[in-house]
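Scroll down for the structure; my scribbles are underneath it.
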Amino acid sequence: MATQIHPSAEVSADAVVGEGTFVWHWAQIRERARVGARCTISKDVYIDVDVVVGDDCKIENFATLYRGVRAGNKVFIGPHACFTNDLYPRAISPAWHVVQTIVEDGASIGANATIVCGITVGRSAMIAAGAVVTKDVPPHGLVAGVPAKLIGWVCECGRPLDRNMRCAHDGKRFPELRPKARARRSRRRK
């Protein structure tokens with residue numbers, strides 16, 4: 001499948017866009033950015049200089065990925081999600097430097113979420129809409145709020161896990177996610 005770039009999109013000649021990727025209206029992909037294969041880059045998305053996006057990702061309308069963001073494969077980034085890249089922003093700062101943010105494979109970022117730079121969003125994690133994420137999110141973690149807090153765990157399919165770390169939708173189990181304190185209590189009861 002061929003790459004398709006809408007005529008109104010601005011893709012730098014120094015950017016790499018993978019096979020089968022769709023770049024929609026008014027999106028901008030800057031110099032040295034790399035977008036993988038089979039991605040959807042929706043309307044008005046901004047992908048800054050040197051940003052890396054893996055294969056099979058979907059980035060929704062008006063999302064902004066600033067320099068320093070590295071997104072893995074099968075990452076979903078909802079509409080108006082924003083990644084920062086400076087812990088001490090000022091209009092003019094001689095000491096400015098990019099702070100990296102990592103989004104691991106299969107993670108999902110909800111609409112209007114803000115991801116403060118310097119963190120890692122773990123594999124298959126889920127960020128709720130409107131959350132402000134200021135700390136690392138563990139693999140399969142579900143975070144929500146301002147600031148975002150861990151409120152549960154999710155399966156690779158995105159649905160919540162029960163207290164036994166099992167997905168009711170597909171039956172998958174994730175015993176490695178069981179909190180250690182809970183695991184110790186359950187052993188004492190036996």
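Quick caveat: nothing in here was measured; it's all calculated off a predicted structure.
Counting only heavy atoms from C-beta outward, the side chains of Asn85 and Trp96 approach each other to under 4.5 Å. Using a 4.5 Å cut-off on side-chain heavy atoms (C-beta onward), Ile29 and Val17 make contact.
Between His140 and Phe174, the ring planes are tilted. Angles from 30° to 60° get that label.
Between the Thr101 side chain and the Gly118 main chain, a donor and an acceptor come within less than 3.5 Å of each other. Between the Thr64 side chain and the Tyr46 main chain, no donor and acceptor come within less than 3.5 Å of each other. In terms of modelled atom types and a separation under 3.5 Å, the side chain of Thr114 and the main chain of Val132 share no donor-acceptor contact. Put simply, the side chain of Thr21 never gets that close to the backbone of Gln4: no donor and acceptor are under 3.5 Å apart.
For Asp86, there are no salt bridge (Lys or Arg N to Asp or Glu O under 4.0 Å) partners at least two apart in sequence or on another chain.
Among pairs with a residue in residues 52-67, those fulfilling salt bridge (Lys or Arg N to Asp or Glu O under 4.0 Å) read Arg38-Asp56, Lys58-Glu60, at least two apart in sequence or across chains.
Cluster partners of Val52 are absent, since no Ile, Leu, Val, Met, Phe, Trp or Tyr has side-chain heavy atoms less than 4.5 Å from it.
To the nearest 0.5 Å, the span separating CZ on Phe83 from CD1 on Ile119 amounts to 8.0 Å. Separation of atoms OG1 (Thr84) and CG (Leu65) is listed at 11.5 Å; rounding is to 0.5 Å. Note: Leu150 CG to Leu142 CG = 7.5 Å, rounded to the nearest 0.5 Å. If you take CG on Leu177 and CG on Asn164, they are separated by 12.5 Å, rounding to the nearest 0.5 Å.
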Dump the intermediate steps for salt bridge (charged side-chain N to carboxylate O under 4.0 Å, His left out) on Lys74 and Asp105, then the final yes or no. CA-CA 6 Å; Lys74 298 181 181 178; Asp105 294 351; over 6 Å; no

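Using a cutoff of 4.0 Å between basic side-chain nitrogens and carboxylate oxygens, Asp50 and Arg32 are scored as salt-bridged.
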